[in-house]
Amino acid sequence: MVDALVTLIVVLACLGALGALAAARVVKQYERGVVFRLGRLRSDIRGPGFTMITPVVDRLQKVNMQIVTMPVPAQEGITRDNVTVRVDAVVYFKVVDPAEALIAVEDYRFAVSQMAQTSLRSIIGKSDLDDLLSNREKLNQGLELMIDSPAVGWGVHIDRVEIKDVSLPETMKRSMARQAEADRERRARVINADAELQASKKLAEAASQMADTPSALQLRLLQTVMAVAAEKNSTLVLPIPVELLRFLERGQQEIQGRRPGRTVVRRAAPRPPVRPPPRSGRPRPPSPRSPHGRRCRRSPSASRSRIRLNGEPPGGPPSRRGSP
């Protein structure tokens with residue numbers, strides 16, 4: 001009898017221990033426990049620490065209360081100025097009401113993800129390309145408001161929404177690069193023109209100042225020569241002032257004006273050469289030819305004998321001057 005009683009006590013103790021283990025629950029610091037008794041929600045929300053539930057009757061479901069970082073997949077859309085872009089974002093949210101997060105929506109994470117994607121497409125269609133690139137703070141606030149409005153009924157609070165990247169077509173990137181380059185070039189030209197204007201004003205003031213004291217120009221010239229000579233140059237260039245050249249030219253004109261008048265001697269034009277009259281006399285006999293058709297050269301003795309016999313030069317008698 002005693003043995004049966006001891007056995008019964010041991011069995012009941014084991015069953016109590018198993019029941020206690022089945023009823024014991026531990027809730028972490030960043031979690032909250034929602035109890036369902038026979039499928040009905042209990043009003044008390046279990047806090048962090050050790051808690052007990054009724055085995056078989058109660059069911060404890062834990063809800064994470066930490067901030068969740070959810071990336072939004074890249075969404076492709078057309079902006080208000082007809083530019084195709086791809087935009088991705090990130091959503092930061094947390095659960096503020098564990099009971100509503102379990103009862104009001106089947107899966108609050110999936111619901112927030114889908115709402116973020118649709119809101120991002122809507123923001124792309126309502127915005128211009130310049131707003132997507134430069135005015136992101138305003139777009140982030142509008143996107144946060146669009147997601148947070150339905151999420152309030154789910155027991156979820158949208159903490160922050162950020163647009164991460166805006167992908168543009170290659171043609172649009174090249175166009176924007178050309179536009180930025182043209183803008184920089186325009187600003188560079190304006191700055192250069194402004195600098196030239198200021199420099200010209202300063203040079204005009206310096207020129208008027210040097211005009212009163214001509215020695216200042218000479219000192220400036222010497223300073224320039226010294227600055228050039230300070231470097232290791234093999235060639236030294238000495239600039240000549242334009243005023244010096246004008247002074248020399250003016251002095252030369254004055255010297256030419258002071259000289260007395262000079263007599264200009266003109267040379268007579270050369271006379272044309274006088275052609276001698278044609279020589280009179282017998283015609284010159286033809287030179288003998290060789291049997292082969294070539295002319296034979298006369299010997300000097302034959303020419304001298306002819307002069308002696310005739311008493312005249314071979315070309316005929318000399319012409320007389322004054323004859324008609």
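Computed from a prediction, not measured in an experiment: that's the story for all the values here. Just so it is clear, the values below take in all heavy atoms, side chains as well, and ignore hydrogens, waters and symmetry mates.
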Any chain of hydrophobic side-chain contacts (each under 4.5 Å) joining [X] to [Y]?
X	Y	result
Y92	V87	no
M65	L41	yes
L145	I147	no
I67	V152	no
V112	V105	yes

Worked verdict on V161 versus M146 for side-chain contact (heavy atoms from CB on, under 4.5 Å) | CA-CA 10 Å; V161 181; M146 293 178 65; over 6 Å; no
Assess whether side-chain contact (heavy atoms from CB on, under 4.5 Å) is satisfied between V34 and I45, documenting all intermediate values.
-> CA-CA 5 Å; V34 179; I45 304 297; 4.1 Å; yes
Report yes or no: does [X] contribute a side-chain atom to a donor-acceptor pair with the main-chain N or O of [Y] at less than 3.5 Å?
X	Y	answer
T118	Q114	yes
E100	P98	no
K164	A74	no
R32	Q29	yes

Under-4.0 Å salt bridge between R86 and D88 | no
Does the pair E205/K201 count as a salt bridge with the N-to-O cut at 4.0 Å?
->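 Salt bridge flag = no for K201 with E205.
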I need the minimum non-hydrogen distance between [X] and [Y], along with the two atoms involved.
X	Y	result
M52	A24	SD-CA, 3.5 Å
R46	T51	NH1-OG1, 2.6 Å
S119	M115	OG-O, 2.8 Å
V156	V96	N-CG2, 4.3 Å
M70	R109	CE-O, 3.3 Å
E144	D159	OE2-O, 3.5 Å

Using side chain to side chain contact (heavy atoms under 4.5 Å, CB included) as the criterion, point out the one residue from I124, L129, L132 that pairs with V83.
-> L129
Would you say [X] and [Y] make side-chain contact, with heavy atoms under 4.5 Å?
X	Y	value
V166	R136	yes
L60	V27	yes
N64	V95	no
S175	K173	no
V90	T69	yes
D128	T79	no

Output, in order, the C-alpha distance, side-chain angles, deciding distance and verdict of side-chain contact (heavy atoms from CB on, under 4.5 Å) for L143 and V91.
-> CA-CA 10 Å; L143 189 59; V91 180; over 6 Å; no
Calculate, to the nearest 0.5 Å, the distance between atoms [atom1] and [atom2] belonging to [X] and [Y] respectively.
X	Y	atom1	atom2	answer
S127	I163	OG	CD1	7.5 Å
E181	R174	CD	CZ	14.0 Å
Q141	L139	CD	CG	9.5 Å
I123	L120	CD1	CG	8.0 Å
R40	D58	CZ	CG	12.5 Å
R37	R59	CZ	CZ	13.5 Å

Tell me, with the steps shown, if Q117 and V72 meet side-chain contact (heavy atoms from CB on, under 4.5 Å).
-> CA-CA 6 Å; Q117 293 181 26; V72 181; 3.8 Å; yes
Please indicate whether [X] has more than 12 foreign heavy atoms, meaning atoms of other residues, nucleotides or ligands, lying under 6.0 Å from its [atom1].
X	atom1	value
K138	NZ	no
L133	CG	yes
F50	CZ	yes
K94	NZ	no

